[in-house]
Amino acid sequence: MRVSGLIISYKNGMNVLTGTPVTEYPVGDLLCRIFQGETLDNITRILRNCINACPMRDNFLTQDEIEDAEHYILQALLYDDFKPAQRLAQGSFIRCMECYRALDSTTAGQFLYQERARAAESDMLFEAIGFDTVGDFLRLCYNNYIIDLYNALTLFIGMAAVKSGTASPEEQAAYNEIRQQLNNPDAVPGIEMRTAYDAGREEFAYSYVISSFLAMALFEFSHLTASATKVVRCQNPECRKFFTAKRTSAKYCPFPSPQNPGRTCNDYYPQLVHRSKVKADTLRKMEKRAYGRLYNDKRRHPEAAAEIEGLLRTLQIESPGRRDSVLSGALSEAEYQAWLNTIRREKGRSYDE
């Protein structure tokens, strides 16, 4: 029997993935890697394009045609970017195909009526779905693949935000809504448990075949809850991805930094913060000198106090924005200093003396 899905076992707080070679991830780390980044978007786009271009899409639906279609989908999803995501996507789609091919005609008719109503209300779902041709059937399966993926992403983002203590009102509301849906025991596709007995050690080993994005999210979070692992949101403002850590003081994730994809946030961003702090201190010193020179000018020339007060207000109002422009790279330090030199009472006099 063909096994389609992500096969995971748990050992000493680690996810163990079968394959060659065997790979291990700390509990929760694999979840964060799968559900963040562009991998799932890329897989889904490839899948949609392959369904539209399926060479057998106009063939009448038969059991033999479904077998060929399954093989076609598995080939379409040989995506090399991240194997666990590929395996989970394959399992999710094949699960839909296996489920719907077994429906009797009456149940299939009722199911199709509901699915067409749902597709009509969403611009991300196919409307031309059914059990007549291979193309109709694949689009029907794709719709439910997308729903499973969407629900899983909503649960992941909501639950990760809540567990990390960083949930926005919108994330909290989305989490509360999907949590209510999970009260239905039929809402989450089942997970297959496989058992093997090690006669040498006289003990059982358990692994799990996961063929649903939603089941993966829920399953991993349940193991996170039972472990000492924390979910943290990256404090790099351009990243904000979730990651797992043992230390509550962890601030930055191990994923590529948006500012420098060749380095991770936890390696790159602290250095960026330090450089920004050093630059900010330099700019404040430049600004402080400008203030000092204006105050000295006011003390020396009390008759020009009103004019100098106007210059001080200009400096106070405009300097924070220009300082931020230097920190963001939109303005150079030299340009900032040149502007400070224009905040002066006497034409031709430089305050950078």
Side-chain angles (χ1 to χ4, degrees), residues 4-8 10 15 17 25 27-48 73 77 79 81-100 115 118-119 122-126 140-164 166-168 170-192 208-225 229 231 233 240-244 255:
S4 294
L6 187 62
I7 304 176
I8 293 179
Y10 289 90
N15 288 142
L17 273 59
Y25 300 88
V27 171
D29 185 61
L30 182 60
L31 182 73
C32 293
R33 290 177 181 273
I34 288 178
F35 285 93
Q36 295 181 128
E38 300 179 355
T39 299
L40 291 182
D41 288 340
N42 290 342
I43 289 176
T44 301
R45 185 165 52 252
I46 289 170
L47 182 57
R48 190 181 184 96
I73 291 298
L77 286 177
Y79 190 80
D81 185 64
F82 190 46
K83 291 293 183 181
Q86 173 208 106
R87 295 291 298 168
L88 188 56
Q90 287 176 327
S92 181
F93 200 94
I94 298 303
R95 173 184 53 80
C96 292
M97 296 184 70
E98 294 290 346
C99 178
Y100 303 148
E115 290 303 306
R118 179 160 64 176
S122 173
D123 58 2
M124 68 178 181
L125 303 179
F126 285 113
L140 171 65
C141 295
Y142 176 88
N143 283 2
N144 286 273
Y145 165 96
I146 286 293
I147 294 299
D148 180 54
L149 175 57
Y150 174 79
N151 287 338
L153 288 172
T154 302
L155 176 65
F156 169 78
I157 293 171
M159 189 172 282
V162 170
K163 283 185 172 292
S164 65
T166 62
S168 66
E170 294 78 10
E171 289 168 337
Q172 182 71 57
Y175 171 62
N176 291 341
E177 181 179 352
I178 196 165
R179 187 173 57 176
Q180 292 299 318
Q181 297 175 16
L182 296 178
N183 289 337
N184 178 2
D186 297 325
V188 183
I191 295 174
E192 176 189 345
Y208 306 90
V209 183
I210 305 177
S211 56
S212 159
F213 294 107
L214 182 57
M216 173 67 183
L218 199 60
F219 194 59
E220 274 287 87
F221 272 119
S222 70
H223 284 82
L224 270 174
T225 301
T229 304
V231 178
R233 192 173 226 164
R240 302 290 287 163
K241 286 183 178 178
F242 297 103
F243 64 103
T244 57
F255 304 128

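What's counted below: heavy atoms across the whole structure, side chains too, no hydrogens, waters or symmetry copies.
A search for ring-ring contact (aromatic ring centres under 6.0 Å, His included) contacts involving Tyr100 returns Phe111, not counting sequence neighbours. Annotation: side-chain hydrogen bond (donor to acceptor under 3.5 Å, both in side chains) contacts of Glu177 (sequence neighbours excluded): none.
Ring pair Phe219/His223 is perpendicular by interplanar angle, where above 60° counts as perpendicular and below 30° as parallel.
Scanning all heavy atoms of the two residues, the minimum distance from Phe243 to Arg233 falls at CE2-C, 4.0 Å. Shown here for Ala89 and Phe213, the closest heavy-atom pair between the two residues is CA-CZ, 3.7 Å. Between Ala215 and Val188, the shortest heavy-atom distance links the atoms CA-CG1, 3.7 Å. Scanning both residues, Ala167 and Gln172, for their nearest heavy atoms gives CB-OE1, 4.2 Å. Across every non-hydrogen atom of Pro84 and Ile34, the tightest pair is CB-CD1, 4.1 Å. The shortest non-hydrogen separation linking Ala217 to Ala152 is CB-O, 4.2 Å.
For residues 142-152, the salt bridge (charged side-chain N to carboxylate O under 4.0 Å, His left out) pairs, not counting sequence neighbours, are Arg95-Asp148.
Counting only heavy atoms from C-beta outward, the side chains of Ile7 and Tyr208 never approach each other to under 4.5 Å. Residues Lys163 and Phe242 form no side-chain contact, since every pair of their non-hydrogen atoms from C-beta on lies 4.5 Å or further apart. Within the 4.5 Å cutoff, the side chain of Val27 has no heavy atoms near those of the Thr244 side chain. Considering only heavy atoms from C-beta on, Leu17 comes within 4.5 Å of Tyr25 through its side chain. Annotation: side chain of Ile146 is in contact with side chain of Leu125 (closest heavy-atom distance under 4.5 Å). Side-chain contact between Ile8 and Met216 is present, with heavy atoms from C-beta onward closer than 4.5 Å. Between Leu182 and Leu214 the shortest side-chain heavy-atom distance falls below 4.5 Å. Between Phe82 and Leu30, some side-chain heavy-atom pair lies under the 4.5 Å cut-off.
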Quick one, Glu220 with Phe156, criterion side-chain contact (heavy atoms from CB on, under 4.5 Å). Give me CA distance, side-chain angles, the key distance, then yes/no. CA-CA 10 Å; Glu220 274 287 87; Phe156 169 78; over 6 Å; no
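Rounding to the nearest 0.5 Å gives a distance of 14.5 Å between CZ of Arg179 and OG1 of Thr154.
Within a 6.0 Å radius of OH in Tyr150, other residues, nucleotides and ligands contribute 12 heavy atoms or fewer.
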